[in-house]
Amino acid sequence: MSNKVQAIRGTQDMLGEAAERFHSVVSAFDRVRRLYGFQRVEVPVFEATSVFARTLGETTDVVSKEMYTFEDRGGDSLTLRPEFTAGIARAYLSEGWQQHAPLKVATWGPAFRYERPQKGRFRQFHQLDAEIIGAGEPASDAELIGMGAQLLEELGISDRVELKLNTLGDPATRDAWRAALVEHFTSHRFDLSDESRLRLDKNPLRILDSKEHNDFPIVDCAPTVDDYLSEDAASFFALVTSGLDAAGVKWTRDARLVRGLDYYRHTAFEFVTEDLGAQSAVIAGGRYDGLIETMGGPLTPAVGWAAGVERLSMLAAAPEPLKPDVALVPLGERAEAAAIGIAATLRRAGLACDMAYKGNMKRRMQKAAARGARYAVIIGDNELDQGEAGLKDMASGEQSQVAIEALAEAVGGK
RNA sequence: GCGAUCGUAGCUCAGCUGGUUAGAGCAUCGGUUUGUGGUACCGAGGGUCGCGGGUUCAAGUCCCGUCGGUCGCCCCA
């Protein structure tokens, strides 16, 4: 085992049901994204390191210890994307996509983070991503979140996932709230857990979702964002929630929900589940009006979310396995040659058709049954001479002779 | 980066307190049936017991290290 080739830690190989499950999530996303008028975009898997370092915030864990960064042969520092938003924002600027604003775009693909793998967490994982760039209206927040909700519905997992919603307010709100939190937690500094004391310097907002029981009383009496919400920020949030209500999207307020990344403003939300071990978020996002400006662009309002494909596919039901309409069972070399042509004809008629490469009749019949074929088409010398084939219904066991030209029609092809 | 736990055939696992040629089910291949599957029966192939070192007359079994999986902390999709 040990001297065999093996996959890189935190990567996955998928076959059969796992792969089908994965892909059913992606195709559901592609369906829903069209319903909401999000156009598909493609962006590179890697970018200049600065694209992520600047936008994610130098001090975040993602940047400081989780990025796959390497030098190319020209000596430039490149990084495998740890998420989509920064790359899309970069494209928005460097490709001049401002002319299309407001821009609703969707994409999906692999992302990379150097972390210890565990349930629902991988080094190469896959995200669905949706962004609305250039729209500062709360209606866009509601539409974007609604799309996530519909995706969960289509996957049949809405009852296992809950939408948690919060606002971080506008910059003035956020700054005032943050200052109040720092003051509050500093005054209780010596009662905080070690972890939270570290957060106090690095990321005080994160103390709010501490898991340490000792922190709970301090967190419970911490100032909430509502105490510092400006009039504008409050009415913005009210429009988001009323939009969700109008769309029939259920949500719960979570005043402690914050974002680890620096550029979020106003709306923050997570679709969470309790069925994924230590991981709870399956879709997470928010409004990041400050991001594009920090990349050197104009002030550009934007809102977006990302979803974990693996996490969603672990929750979703397995799709029906692929079953061929027809399995060909040729007997002898002449029949094998003829079967290749028959298979091609059936496939052109839109019928899924499979044929084992070798084996005697029994073996081929077993393969046909194992693949779940609806019909077996049996062709031997006798049949070929008469221009017919044996057509066997695998479920009922009934078998009849059918003219080879009529096969496609007989099994329901076009 | 830290912690816990596991590592025996392709897969899921058994192997008691260390004791002769390491087992089962499933899967694969072949046969019973040289043209009929989803049921049955017979048989075959396949394992340096993750790797390295140590203790012992003797190690799959005990000890140390290492690599890998899983789960958790941090953080996050």
Side-chain angles (χ1 to χ4, degrees), chain A residues 1-4 6-12 15-16 25 56 59-67 81-85 108-130 148 193-196 198-199 202-203 206 209-212 258-261 270-273 276-285 304-315 327 329-332 335 356 358-383 389-399:
Chain A
M1 281 297 212
S2 67
N3 56 355
K4 279 186 184 171
Q6 60 184 28
I8 299 297
R9 166 177 276 177
T11 66
Q12 322 170 74
L15 176 68
V25 169
L56 294 181
T59 60
T60 59
D61 276 18
V62 171
V63 170
S64 60
K65 59 181 194 185
E66 292 174 4
M67 294 203 307
R81 66 182 173 214
E83 54 122 48
F84 276 92
T85 306
W108 81 274
F112 304 84
R113 252 118 100 156
Y114 191 85
E115 298 182 283
R116 287 297 294 270
Q118 62 191 64
K119 188 180 179 74
R121 158 180 287 180
F122 308 91
R123 288 188 172 179
Q124 175 177 336
F125 59 108
H126 299 79
Q127 286 191 334
L128 313 173
D129 189 273
S193 63
D194 293 344
E195 294 289 354
S196 290
L198 285 173
R199 287 172 174 150
K202 274 171 53 183
N203 200 344
R206 298 284 307 181
D209 53 17
S210 169
K211 289 173 189 166
E212 295 287 336
V258 292
R259 301 273 57 154
L261 304 180
E270 286 179 6
F271 289 89
V272 298
T273 180
L276 281 180
Q279 272 57 247
S280 61
V282 293
I283 300 178
W305 57 244
V309 178
E310 287 86 353
R311 292 182 183 181
L312 289 172
S313 64
M314 279 188 275
L315 294 178
V329 181
L331 308 165
K358 62 172 183 178
N360 58 22
M361 180 168 197
K362 172 179 174 143
R363 196 56 70 183
R364 288 173 189 262
M365 287 300 288
Q366 284 177 344
K367 285 248 164 65
R371 291 294 312 276
R374 283 196 299 134
Y375 292 97
V377 168
I378 298 153
I379 316 149
D381 288 340
N382 298 342
E383 284 81 358
L391 180 64
K392 180 164 186 173
D393 183 313
M394 295 298 277
S396 67
E398 284 170 28
Q399 185 169 339

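Model, not experiment: these values are computed from the prediction. Chain letters run A, B, ... following the sequence lines, proteins first and then strands; every chain starts at 1.
- Nucleotides B/G65 and B/G7 have their C1' atoms positioned 16 Å apart, rounded to a whole Å.
- Using atom P as the reference point in both B/C13 and B/G52, the two lie 25 Å apart (nearest Å).
- B/G53 sits 23 Å from B/G19 when the C1' atoms are compared, rounded to a whole Å.
- Across all strands shown, B/C26 pairs with B/G10; the Watson-Crick or G-U wobble distances both stay below 3.5 Å.
- At the heavy-atom level, A/Asn382 lies under 4.0 Å from base atoms of the strands shown.
- Spacing between atom CD1 of A/Ile378 and atom P of B/G37 amounts to 10 Å, rounded to whole angstrom units.
- Base contact: A/Gln399 has a heavy atom under 4.0 Å from a base atom.
- Residue A/Ala284 is in sugar-phosphate contact alone, with no base atom involved, counting any heavy-atom pair closer than 4.0 Å across all strands shown.
- Remark: B/A40 base-pairs with B/U32. Criterion, Watson-Crick or G-U wobble with two distances under 3.5 Å.
- The interatomic distance linking A/Met361 (CE) with B/G38 (P) rounds to 13 Å, in whole Å.
- In this structure, A/Val329 and A/Ile379 have side chains that are not in contact, with every pair of non-hydrogen atoms separated by 4.5 Å or more.
- Side chains of A/Pro82 and A/Glu66 form no contact here, defined as non-hydrogen atoms less than 4.5 Å apart.
- Annotation: side chain of A/Met67 is not in contact with side chain of A/Arg113 (no heavy-atom distance under 4.5 Å).
- Both A/Arg123 and A/Asp381 lie near RNA chain B, and the one whose nearest nucleotide falls closer to the 5' end is A/Asp381.
- Proximity of A/Val272 to A/Val282: side-chain heavy atoms (C-beta onward) are nowhere separated by under 4.5 Å.
- When the P atom is used for both B/U61 and B/A14, the distance is 16 Å, rounded to whole Å.
- Taking atom P on both nucleotides, B/A24 is separated from B/C41 by 16 Å, rounded to a whole Å.
- Residue A/Lys362 places no side-chain atom within donor-acceptor reach of the base of B/U34, judged by atom type and a 3.5 Å distance cut-off alone.
- Comparing the same atom, P, in B/G15 and in B/C6 gives a spacing of 14 Å after rounding to whole Å.
- Atom CD of A/Gln366 is separated from atom P of B/G31 by 11 Å (rounded to the nearest Å).
- Straight-line distance from the CG atom of A/Leu128 to the C1' atom of B/A77: 9 Å, rounded to whole Å.
- Here A/Ala395 lies in heavy-atom contact (under 4.0 Å) with a base.
- Between A/Ile378 and A/Met361 there is a side-chain heavy-atom pair separated by less than 4.5 Å.
- With A/Ser313 contributing its side chain and A/Val309 its backbone, the two residues share a donor-acceptor pair below 3.5 Å.
- Note: CG (A/Asp393) to C1' (B/G37) measures 12 Å, nearest angstrom.
- Remark: B/C57 base-pairs with B/G19; criterion is Watson-Crick or G-U wobble with both hydrogen-bond distances under 3.5 Å.
- Rounded to whole Å, the C1' atom of B/C29 lies 50 Å from the corresponding atom of B/C75.
- Counting heavy atoms from C-beta outward, A/Arg81 and A/Pro110 have side chains that approach closer than 4.5 Å.
- The CG-C1' distance, from A/Leu331 to B/U34, rounds to 11 Å in whole Å.
- Rounded to whole Å, the P atom of B/U8 lies 14 Å from the corresponding atom of B/G69.
- Remark: B/G46 base-pairs with no nucleotide in the shown strands. Criterion, Watson-Crick or G-U wobble with two distances under 3.5 Å.
- The interatomic distance linking A/Met365 (CE) with B/G37 (P) rounds to 7 Å, in whole Å.
- No contact: A/Gly390 has no heavy atom under 4.0 Å from any strand.
- In this structure B/G52 sits in a base pair with B/C64, meeting the Watson-Crick or G-U test at under 3.5 Å.
- The nucleotide B/C75 finds no pairing partner, because no Watson-Crick or G-U wobble arrangement with both distances shorter than 3.5 Å includes it.
- The closest side-chain heavy-atom distance from A/Met365 to A/Met394 is below 4.5 Å.
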Donor-acceptor pairs under 3.5 Å, side chain of residues 120-128 of chain A to any protein atom, not counting sequence neighbours: which ones?
unit_1, atom_1, unit_2, atom_2, d
A/Arg123, NE, A/Glu115, O, 2.7
A/Arg123, NH2, A/Glu115, O, 3.4
A/Gln124, NE2, A/His126, NE2, 3.3
A/His126, ND1, A/Glu310, OE2, 2.7

For each nucleotide in nucleotides 67-74 of chain B, reading 5' to 3', give B when a protein heavy atom comes within less than 4.0 Å of its base, S when such contact involves only the sugar-phosphate, and - otherwise. -SSBSBBB
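- Atom CE of A/Met394 and atom P of B/U39 are 12 Å apart (whole Å).
- When Watson-Crick and G-U wobble pairs are counted only if both distances are under 3.5 Å, B/A4 pairs with B/U70.
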